[in-house]
Amino acid sequence: MNPMNKETALVVFSGGQDSTTCLFWARRHFRSVVALTFAYGQKHVAEIDCARAIAEEAGVEWHLMDVSFIGSLGRNALTDSSIPMDEEKPAEGPPNTFVPGRNLFFLSIAAVFARERGINHIVTGVSQTDYSGYPDCRDAFIKALNVSLNLGMEEQFVIHTPLMWIDKAQTWQMADELGVLDLVRTRTLTCYNGIPGDGCGQCPSCKLRRAGLQQYLRVRSEE
Ligand code: ZN
């Protein structure tokens, strides 16, 4: 491996609210930032256009990697348009929008990609707080994977999860403090129905995002 480049961070970047906030967080904390977007067979390829445009605006190097095999490995509502999405979190198990192995693959591939470039800092926008029932967003999984990657490649990767312990309202607050509240609000795509910005307003992702924004704006107006 190249000498560790502690000045550079690689951001796993989907073009959604969380990873966009992380992109600007990384820009604040590292001298240079590289963004890596995965095409995993998601129904809404507009996500990729959002990611490309935001990376360009942020002035960070952007890479797109095709990992569409992930979507075809296991059936789920994010990559298979014949499956209607769960509106609510089921009583047991993850919702059918869970893409099994997604973060495992993303972070493992990101680590190999980073290693090639002498980068050991990897940033991901996963959060355990407004936990959507995705087991691969939890802190224990990320820490375990970090150890595995270091052992498996004999490296010293550090996986940063700036959103792990904050909720959606606090994620909006972070975006505001980074000076990108409007950018995150209008340019990112989080909606399960593929509508950028404020989205469809109906899907679980839009509801979570909107509730967080309203809560944050309310708190801010009271200050
Ligand atoms: Zn929506």
Side-chain angles (χ1 to χ4, degrees), residues 1-16 18-45 47-56 58-74 76 78-79 94 97-128 134-164 188-189:
M1 184 169 181
N2 308 323
M4 287 292 184
N5 185 351
K6 290 191 168 63
E7 304 295 321
T8 304
L10 177 71
V11 179
V12 177
F13 181 54
S14 72
D18 294 342
S19 67
T20 300
T21 304
C22 286
L23 186 78
F24 286 93
W25 177 90
R27 231 185 44 169
R28 170 81 49 97
H29 289 95
F30 294 87
R31 196 177 61 187
S32 78
V33 173
V34 177
L36 179 61
T37 299
F38 293 106
Y40 62 94
Q42 60 269 65
K43 281 187 267 188
H44 304 300
V45 287
E47 226 177 71
I48 294 168
D49 296 329
C50 287
R52 180 190 291 114
I54 294 166
E56 193 180 319
V60 307
E61 185 184 322
W62 182 73
H63 296 266
L64 177 66
M65 191 171 290
D66 180 12
V67 292
S68 43
F69 70 92
I70 294 172
S72 58
L73 280 173
N76 67 83
L78 278 198
T79 58
T97 46
F98 174 55
V99 182
R102 181 167 51 176
N103 283 331
L104 176 69
F105 286 119
F106 282 9
L107 289 165
S108 301
I109 293 166
V112 177
F113 184 94
R115 183 177 184 274
E116 281 302 305
R117 287 158 180 78
I119 299 169
N120 72 322
H121 292 278
I122 299 169
V123 182
T124 173
V126 296
S127 173
Q128 181 162 334
Y134 299 160
D136 59 352
C137 290
R138 291 182 292 198
D139 192 55
F141 165 71
I142 299 295
K143 287 205 165 74
L145 181 61
N146 199 153
V147 171
S148 295
L149 292 171
N150 289 355
L151 290 172
M153 286 186 259
E154 222 167 334
E155 296 292 349
Q156 297 292 320
F157 295 112
V158 182
I159 302 180
H160 299 265
T161 54
L163 311 183
M164 182 60 79
T188 62
L189 196 161

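Please read all numbers here as calculations on a predicted model, not as lab measurements.
- Here the closest non-hydrogen pair linking His121 and Ile119 is O-CG2, 3.4 Å.
- Annotation: side chain of Ile142 is in contact with side chain of Leu107 (closest heavy-atom distance under 4.5 Å).
- Taking 4.5 Å as the limit, every side-chain heavy atom of Thr37 sits out of range of all side-chain heavy atoms of Arg52.
- Phe13 and Ala51 make their closest contact through CE2-O, 3.1 Å (heavy atoms, listed as atom of the first residue, atom of the second, distance).
- Here Met153 contributes atom CE and Arg115 contributes atom CZ; the two are 7.0 Å apart, rounded to the nearest 0.5 Å.
- In this structure, the side chains of Thr188 and Cys50 stay at 4.5 Å or more apart for every pair of heavy atoms.
- Residues Phe157 and Asn146 come closest through the heavy atom pair O-ND2, 3.0 Å.
- The OG atom of Ser32 sits 8.0 Å away from atom CD of Glu61, with the distance rounded to the nearest 0.5 Å.
- Taking the six-membered ring for Trp and thresholds of 30 and 60 degrees, Phe38 and Phe106 have nearly parallel ring planes, at less than 30 degrees apart.
- Contact between Ser19 and Ser14 at its shortest, heavy atoms only, is OG-N, 2.9 Å.
- Note that CD1 of Ile122 is 12.0 Å distant from OG1 of Thr161, once rounded to the nearest 0.5 Å.
- Between His63 and Phe113, the ring planes are perpendicular. Angles over 60° get that label, and only those under 30° would be called parallel.
- Each of Asn150, Val147, Asn120, Thr124 was scored for a side chain to side chain contact (heavy atoms under 4.5 Å, CB included) with Ile159, with one residue passing: Thr124.
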**Asked** Under the side-chain contact (heavy atoms from CB on, under 4.5 Å) criterion, do Arg117 and Thr8 qualify, and how do the steps go?
**Response** CA-CA 10 Å; Arg117 287 158 180 78; Thr8 304; over 6 Å; no
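- Note: Phe69 and Phe105 meet the aromatic proximity criterion, with ring centroids under 6.0 Å apart.
- Closest approach of Val123 to Ala26, counting heavy atoms only: CG2-CB, 4.3 Å.
- Minimum heavy-atom separation, Ala58 to Arg27: O-NH1, 2.8 Å.
- Under the side chain to side chain contact (heavy atoms under 4.5 Å, CB included) rule, Leu23 has a single partner from Val33, Val12, Asp18, which is Val33.
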